[in-house]
Amino acid sequence: MLESVSVMLLMVGFVLLSGCSAEIGSDAWCADLKEKPKGEWTANEATDYAKHCLLK
């Protein structure tokens with residue numbers, strides 16, 4: 001029982017920490033996306049990058 005509660009808390013903590021990403025268009029977001037291989041970008045990411053990072 002205690003083990004399953006520990007695992008559950010660990011999973012919740014991981015989800016909370018991994019859900020935090022920079023706001024689209026922020027300098028941090030632009031830098032993060034610039035480091036990501038362009039083949040892994042989604043169409044929305046490419047559009048947002050062009051709009052917020054290239055055309056500022």
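Owing to the predicted nature of the structure, the values given are computational and were not obtained by experimental measurement.
Qualifying side-chain hydrogen bond (donor to acceptor under 3.5 Å, both in side chains) partners for Asp27, counting only residues two or more places apart in sequence or in other chains: Lys56. Scored by the salt bridge (charged side-chain N to carboxylate O under 4.0 Å, His left out) test, Lys51 finds no partners at all (sequence neighbours excluded). A search for side-chain contact (heavy atoms from CB on, under 4.5 Å) contacts involving Ala31 returns nothing, not counting sequence neighbours.
Trp41 and Pro37 make their closest contact through CD1-O, 3.2 Å (heavy atoms, listed as atom of the first residue, atom of the second, distance). Nearest heavy-atom pair, Asp48 versus Trp29, reported as atom, atom and distance to 0.1 Å: CB-CH2, 3.6 Å.
To the nearest 0.5 angstrom, Ser21 atom OG is 11.0 Å from Leu33 atom CG.
Sorted by first and then second residue, the pairs that involve residues 35-47 and meet salt bridge (Lys or Arg N to Asp or Glu O under 4.0 Å), not counting sequence neighbours, are Lys36-Glu45. Residue pairs meeting the disulfide (SG to SG under 2.5 Å) criterion with at least one partner in residues 21-50, sequence neighbours excluded, are Cys30-Cys53.
Listed for the Thr47 side chain is a donor-acceptor partner under 3.5 Å among the backbone atoms of Ala43.
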